[in-house]
Protein chains: 2
Amino acid sequence: MSGRKFRERVRTEITEEILGVARRHLATEGANLSLRAVARDAGLVPSALYRYFDSREALLTALITEAYEALAGSVDAAVAAVPHARPDERWLAVCHAVRTWALAHPAEYGLIYGSPLPDYAAPRQTVAPAARILLTVTGILIDGAADGHRSPVPARPLPPAVREDLNRLTAYWPTRLPDLPMPLESVLATALTLWTQLFGLVGFETFGRLDDMIEARRDYFDHQAWVMADLAGLTSPPTDA
Amino acid sequence: MSGRKFRERVRTEITEEILGVARRHLATEGANLSLRAVARDAGLVPSALYRYFDSREALLTALITEAYEALAGSVDAAVAAVPHARPDERWLAVCHAVRTWALAHPAEYGLIYGSPLPDYAAPRQTVAPAARILLTVTGILIDGAADGHRSPVPARPLPPAVREDLNRLTAYWPTRLPDLPMPLESVLATALTLWTQLFGLVGFETFGRLDDMIEARRDYFDHQAWVMADLAGLTSPPTDA
DNA sequence: GCCTGGACGAGAACAGTGTTCTCACACGAG
DNA sequence: CTCGTGTGAGAACACTGTTCTCGTCCAGGC
């Protein structure tokens with residue numbers, strides 16, 4: 001009985017070791033992960049690696065799942081450090097967490113938010129963590145709206161089909177909602193705008209699309225993040241009041 | 001003399017043929033382009049391909065350059081079809097052109113706006129076409145501002161370092177500018193916001209990040225594009241007037 | 001205590017990859 | 001007519017992911 005447990009423990013240890021080597025390779029070599037090279041560095045012969053992962057794709061899937069969870073975890077931690085009463089600061093905490101993580105792990109970021117891998121269909125495992133950040137942003141908007149901040153997004157009505165999609169999505173909302181001065185779909189639509197802008201911004205920077213263009217990366221990022229906070233009505237009403 | 005010209009013509013024809021095969025492979029197989037497979041389909045032996053391209057990377061570079069130009073060209077054509085007097089419609093034309101091209105050429109889009117290729121530094125050739133769309137958007141905003149539309153972006157001042165970066169960029173502006181009720185850097189900052197949002201949006205859709213979430217893709221895209229038009233002050237002042 | 005079954009690693013093999021080298025040939029310029 | 005250059009073919013090398021077979025080792029059941 002302890003034998004079986006011991007075997008299992010060794011197995012997960014080796015699996016962890018392989019993943020560690022793979023992560024290191026990803027960081028140094030970039031996206032082209034060589035199974036054989038990973039095996040070498042893990043002290044294994046290539047075929048032995050197949051005892052732990054069905055294929056290179058399976059190894060990548062594990063890395064992708066890890067990446068999603070690491071990113072979402074770091075976002076959640078950052079948000080948790082800011083009180084609910086400051087939705088603008090919470091939004092900025094999300095932005096900075098995503099940016100910092102992406103810049104620290106560019107290859108992993110590319111794996112989860114870059115071009116999809118060839119012949120690779122994202123397993124169901126990954127949709128939940130991918131949506132977590134969107135949920136977090138939505139939560140911030142809800143808190144902000146409940147606290148009487150300005151209604152997000154100037155009255156641009158949602159197309160009916162989109163309203164339907166978003167309504168379907170609101171079913172995933174885990175907890176009870178406070179009373180809101182607007183339909184939840186509208187909040188979700190704004191969250192999607194912020195979400196898109198955030199990952200567009202981070203993607204541009206980590207993928208080098210800002211090279212030779214913006215030097216003051218951090219200031220630029222902050223500015224754009226605050227502009228989006230304004231758009232979402234998270235900031236105190238601007239200077240016109 | 002005609003001999004030399006003839007040889008040159010044949011050479012560019014074969015180069016074109018290779019690129020065509022490569023483009024077709026990219027469309028059907030996805031991002032993992034096999035040099036040998038391309039050579040096969042072009043009726044060549046692998047080594048012969050090296051008479052035309054120094055390496056697989058060089059072939060990819062050619063494809064990337066083509067893709068940038070094709071995208072920028074289709075954007076320019078779309079914008080040219082809308083009169084200057086309708087900046088909102090011009091912005092939407094840009095959006096639709098990018099989205100349509102991306103959905104029609106997902107692999108090529110991934111090549112130019114997805115995760116950067118390993119060991120691949122974008123050659124200088126590609127920065128000009130990459131910035132063309134940003135210039136186009138800036139032009140639309142300038143026209144809109146000159147025509148007396150609402151000032152884009154509620155007064156959120158630019159950080160000095162960013163202002164400096166953007167000021168440096170305005171040197172690239174090719175033609176003379178009309179008188180503007182605001183500094184050009186502010187317009188450029190707004191253009192960057194739109195640019196980021198646009199490619200974030202298109203990237204999310206073409207890379208499948210909207211799967212199982214938004215069904216009404218086109219309506220969703222239009223909505224977000226209009227929201228950004230509102231943000232940029234391209235639309236007539238919203239319902240609060 | 002022995003036997004057995006299953007997990008594990010090693011090694012060889014296969015098909016495929018990008019790249020380089022050498023060799024043969026064609027053909028226009030002199 | 002010869003020479004040189006541009007071109008394609010073919011073999012080779014070092015890789016890659018994957019599969020198969022073969023020993024080995026060791027816990028669990030008898």
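As a basis for the values below, the full set of heavy atoms in this structure was taken, side chains included, without hydrogen atoms, waters or symmetry mates. Chain identifiers are assigned alphabetically (A, B, ...) following the order of the sequence lines, protein sequences preceding nucleic acid strands; residue numbering begins at 1 within each chain.
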Report which part of the nucleic acid Leu59(B) touches: base, sugar-phosphate, or nothing (heavy-atom distance under 4.0 Å, all strands).
nothing

Taking any heavy-atom pair under 4.0 Å as a contact, classify Tyr52(B): base, sugar-phosphate, or nothing.
sugar-phosphate

Test side-chain contact (heavy atoms from CB on, under 4.5 Å) applied to Ala225(A) - qualifying residues, sequence neighbours left out
Trp91(A), Leu92(A), Cys95(A)

Taking ring-ring contact (aromatic ring centres under 6.0 Å, His included) as the test, write out the residues that go with Trp101(B), two or more places apart.
His105(B)

Side chain to side chain donor-acceptor pair (under 3.5 Å) with Arg132(B): which residues, sequence neighbours excluded?
Asp76(B)

Which side-chain N or O atoms in residues 20-38 of chain B pair as donor and acceptor under 3.5 Å with protein atoms at least two apart or in another chain?
| residue | atom | partner | partner atom | Å |
| --- | --- | --- | --- | --- |
| Arg23(B) | NE | Glu66(B) | OE1 | 2.8 |
| Arg23(B) | NH2 | Glu66(B) | OE1 | 3.4 |
| Arg23(B) | NH2 | Glu66(B) | OE2 | 3.1 |
| His25(B) | NE2 | Asp41(B) | OD2 | 2.9 |
| Thr28(B) | OG1 | Arg24(B) | O | 3.2 |
| Thr28(B) | OG1 | His25(B) | O | 3.4 |
| Ser34(B) | OG | Arg36(B) | N | 3.4 |
| Ser34(B) | OG | Ala37(B) | N | 3.0 |

How is Leu49(B) classified with respect to the nucleic acid when contacts are heavy atoms under 4.0 Å: base, sugar-phosphate, or nothing?
nothing

Main-chain N/O of Ser115(B) paired to Ser115(A) side chain as donor or acceptor, under 3.5 Å:
yes

Let's see if you get this right: which residues in residues 17-30 of chain A place a heavy atom under 4.0 Å from DNA chain C?
none

Tell me the interatomic distance from Arg11(A), atom CZ, to dA27(D), atom P, rounded to whole angstroms.
17 Å

Quick check against the 3.5 Å criterion: does Arg90(A) have a side-chain atom that pairs as donor or acceptor with the backbone of Val82(A)?
yes

Listed by chain and number, what are the side-chain contact (heavy atoms from CB on, under 4.5 Å) partners of Glu164(A), not counting sequence neighbours?
none

In chain order, what residues pass the side chain to side chain donor-acceptor pair (under 3.5 Å) check against Arg99(A), with sequence neighbours excluded?
Glu205(A)

Please list, chain by chain and in numerical order, all residues satisfying ring-ring contact (aromatic ring centres under 6.0 Å, His included) with Tyr109(A), sequence neighbours excluded.
Tyr113(A), Phe207(A)

Partner residues of Arg168(A) under the salt bridge (Lys or Arg N to Asp or Glu O under 4.0 Å) criterion, sequence neighbours left out
Asp165(A)

Have a look at the helix from dG1(C)-dC30(D) to dG30(C)-dC1(D) and give the angle its two end axes make, five pairs each, rounded to 10 degrees.
10°

Starting from P on dG8(D), measure out to CD on Glu13(B) and report it in whole angstrom.
12 Å

Asp222(B): what forms a salt bridge (Lys or Arg N to Asp or Glu O under 4.0 Å) with it, not counting sequence neighbours?
Arg218(B)

Just by protein heavy atoms under 4.0 Å, how would nucleotides 10-20 of chain C read 5' to 3' in B, S and -?
BB-B---BBBB

Spacing between Phe53(B) atom CZ and dG8(D) atom P, to the nearest angstrom:
13 Å

